[in-house]
Amino acid sequence: MSKLVLPGKSFPLGATVLPDGINFCVFSKNCTDLELLLYDSPTAPQPSRVIRLDPQMNRTFYYWHAFLPGLLPGQVYAYRASGPFAPERGHRFDGHKVLLDPYARAVANAQNYQREAARRPGDNSPYALRGVAVDTAAYDWEGDAPLPRPNRRRVIYEMHVDAFTRHPNSGVSPQRRGTFAGVIEKIPYLQSLGINAVELLPVQHFDDQDAPSGHRNYWGYTPIAFFAPHSTYSADPNPLGIVNEFRDMVKALHRAGIEVILDVVFNHTAEGDHRGPTLSFRGLENRAYYILEPDQGYYSNFSGCGNTLNTNQSIVRRFIIDCLRYWVAEMHVDGFRFDLASVMARDEWGHPLKSPPILWEIESDPILAGTEIIAEAWDAVGLYQVGSFIGHRWAEWNGKFRDDLRRFVKSDGGMTGVLAARLVGSPDLYPHPSREAQRSINFVTCHDGFTLNDLVSYNQKHNEANGENNRDGNDCNFSWNCGVEGPTEDKSIETLRVRQIKNLLTFLFFSQGTPMLLMGDEVRRTQKGNNNTYAQNNDLNWFDWTGVERHAEILRFTQKVIALTAAHDIFQEPRSWANPEGHTKPWITWHGVRLNQPDWGGESRTLAAWLIHPPSKVQYYFIFNAYWEVLNFELPSLPGGGRWRRLIDTAQPPPDDISAVESAPMHKSNHYRVEGRSVVILIGDMHEGTGRKATQ
């Protein structure tokens with residue numbers, strides 16, 4: 001290996017593999033001395049070579065760079081940066097600390113990493129994360145590319161890579177449990193559900209030691225290496241193998257017609273507050289990467305995790321765009337869900353911006369133009385932007401859909417009006433007539449909170465296992481236990497819980513917007529009432545595959561309700577049914593127990609809707625009865641003597657609870673007896689001998 005050190009170039013940032021060596025480049029404005037550390041192996045305790053970069057030769061503006069001939073892909077490296085330690089001026093340089101390159105494409109030494117060593121004084125080299133130089137061109141994609149799915153309805157499955165196959169009963173080979181390779185083995189199951197997109201909880205390398213004592217951060221919302229796949233999610237211990245295994249998973253999912261959406265965390269890092277470790281950003285240029293309090297010595301905390309990335313600062317904006325481009329261009333992902341995205345709407349001092357540059361750059365970037373971009377449109381300190389998030393193509397997690405549907409189904413009064421709005425794409429939140437309904441990401445549950453089973457089984461959170469005396473987690477869940485807290489052998493309560501689950505699933509998938517299903521809800525996965533399992537690497541989070549048989553009724557219902565909505569064009573309609581663009585009248589009309597008499601009052605717990613789709617000449621009648629007693633709903637007459645057929649009645653036992661269109665039984669009466677706390681969906685049909693299509 002040559003010992004020659006050449007000036008190198010200030011672009012691109014990171015470790016770039018070239019035919020004759022590697023170019024290294026990192027940003028640091030106020031650093032006075034920078035060392036490039038080279039390691040002979042991923043776990044070598046100390047560097048074999050320390051290169052002190054010459055500020056005259058190896059620095060251009062605020063970029064430090066060097067080219068080292070003869071180095072090969074797989075080279076392990078890190079930095080040390082010296083400069084002022086002056087918190088009152090925003091500087092926290094520590095020349096003893098080994099720093100991870102923010103642009104590292106792979107991470108090494110994770111098995112020896114110690115967070116505490118990066119907090120205490122002195123050298124932490126044996127216990128520090130290091131970067132690995134990756135030749136991104138050295139992979140055969142076999143013609144793969146991100147999946148184009150314009151103007152089609154996504155059905156998103158939110159899942160945790162490790163939890164999906166970690167359980168011993170997963171059927172996945174032991175060495176692949178909890179890995180990207182394990183996901184590949186379970187693709188047939190995902191296909192059987194009918195979903196066409198997976199939204200993966202964070203897979204960018206995170207610090208699992210950023211958790212209370214005795215716990216591990218399992219969900220992964222503690223990022224530190226934004227360009228690198230999380231190292232323990234691979235069956236291959238080789239850092240280069242980790243990158244390729246992620247790509248193998250993406251390629252396999254694409255072949256199955258399933259998009260890959262990453263949950264990305266650009267609102268904070270694992271370095272925490274002023275008491276946290278020096279891992280990367282803090283040691284390279286603290287004042288640029290983080291929003292600081294006016295006294296400069298402390299961190300603004302709009303994320304609830306100790307610090308806040310300075311996302312609208314020019315260097316950080318470039319970092320974010322470069323990172324997103326990398327995951328699309330080199331890793332072939334199809335989209336991103338931005339955790340606490342409203343943090344990214346704040347300026348360098350933490351004030352909300354009317355027109356945040358980073359959000360417009362993400363939306364308008366040509367490389368990202370075909371990707372799905374989804375905002376969790378709130379932050380941890382009260383900036384709530386559901387319905388007002390910036391942009392022309394950003395989708396939003398519709399938190400109001402979740403809360404309003406939960407409240408209606410558990411029989412809160414006065415929810416009928418907002419329920420109607422949620423059914424038709426939430427035009428009260430998104431009034432612009434050209435906005436696509438699919439930009440509302442509809443969900444009932446997600447990783448953060450109760451599972452669907454627990455939503456109908458617990459009145460209160462039960463987070464004692466987290467070690468915080470049940471103080472953590474949301475206290476407002478809009479849940480109802482159906483009469484008994486937790487598991488029960490009472491058959492009547494179990495029957496009601498199953499019905500409530502079906503009610504929630506039916507409304508979720510038959511509503512306008514993009515539906516998102518939480519991993520395991522289709523088989524009644526339980527967290528035993530824990531609504532904040534972020535630090536639980538155990539069966540509270542793991543997918544229990546025995547549920548596929550034990551709860552086959554819910555699994556079948558979920559599969560069929562997805563198939564029903566996927567088969568009808570009206571559920572892919574981009575404009576709200578309440579006022580379709582270019583049409584003079586709405587496609588949906590509202591009713592109650594009696595036709596043309598919807599009850600919008602404060603005590604109302606019922607709603608009926610007649611939906612007509614002129615392009616396909618199909619019509620539906622929806623009946624939602626959250627009242628606890630039987631009600632007899634009047635039905636509209638179909639032109640030409642047509643008959644209604646029953647697609648769904650959640651009060652019926654299987655298989656009569658849901659039917660395919662071709663086998664849906666005919667309903668001959670002009671009324672329908674709807675059981676308490678149940679949902680009925682009918683489809684219009686012509687009278688016998690004149691065909692199966694409904695008329696307007």
_List the residues meeting side-chain hydrogen bond (donor to acceptor under 3.5 Å, both in side chains) with Y218, not counting sequence neighbours, and say none if there are none._
D162, W542
*R402: partners by salt bridge (charged side-chain N to carboxylate O under 4.0 Å, His left out), with sequence neighbours left out*: none
*asked:* Testing the 3.5 Å rule here: is there a donor-acceptor pair between the side chains of Y458 and N453?
replied: no
_Counting the benzene-type ring for Trp, do H167 and W545 have ring centres under 6.0 Å apart?_
no
*Go through the structure and list residues passing salt bridge (charged side-chain N to carboxylate O under 4.0 Å, His left out) with D404, not counting sequence neighbours.*
R422
*Between Y221 and H447, does any side-chain donor sit less than 3.5 Å from a side-chain acceptor?*
yes
*Test side chain to side chain contact (heavy atoms under 4.5 Å, CB included) on M159 and E199 and set out the steps.*
CA-CA 6 Å; M159 59 180 279; E199 183 176 301; over 6 Å; no
*salt bridge (charged side-chain N to carboxylate O under 4.0 Å, His left out) partners of D208, counting only residues at least two apart*: R216
*Side chains of S511 and N442: is there a donor and an acceptor less than 3.5 Å apart?*
no
_Please evaluate residues F510 and V679 with respect to the criterion side chain to side chain contact (heavy atoms under 4.5 Å, CB included), reporting the C-alpha separation (whole Å), side-chain torsions for both, the decisive distance (0.1 Å), and the verdict._
CA-CA 11 Å; F510 274 85; V679 174; over 6 Å; no
*Considering residues at least two apart in sequence or located in another chain, which fulfil the salt bridge (charged side-chain N to carboxylate O under 4.0 Å, His left out) criterion with R499?*
none
*So, D379 versus S303: side-chain donor-acceptor pair below 3.5 Å or not?*
no
*Between D454 and K528, is there a salt bridge with N-O shorter than 4.0 Å?*
no
*side-chain hydrogen bond (donor to acceptor under 3.5 Å, both in side chains): which pairs involve residues 514-523, sequence neighbours left out?*
Y157-E522, Y189-E522, T445-D521
*Any side-chain donor paired with an acceptor under 3.5 Å for E185 and S173?*
yes
*When you check the side-chain N and O atoms of D339 and N267, is any donor under 3.5 Å from an acceptor?*
yes
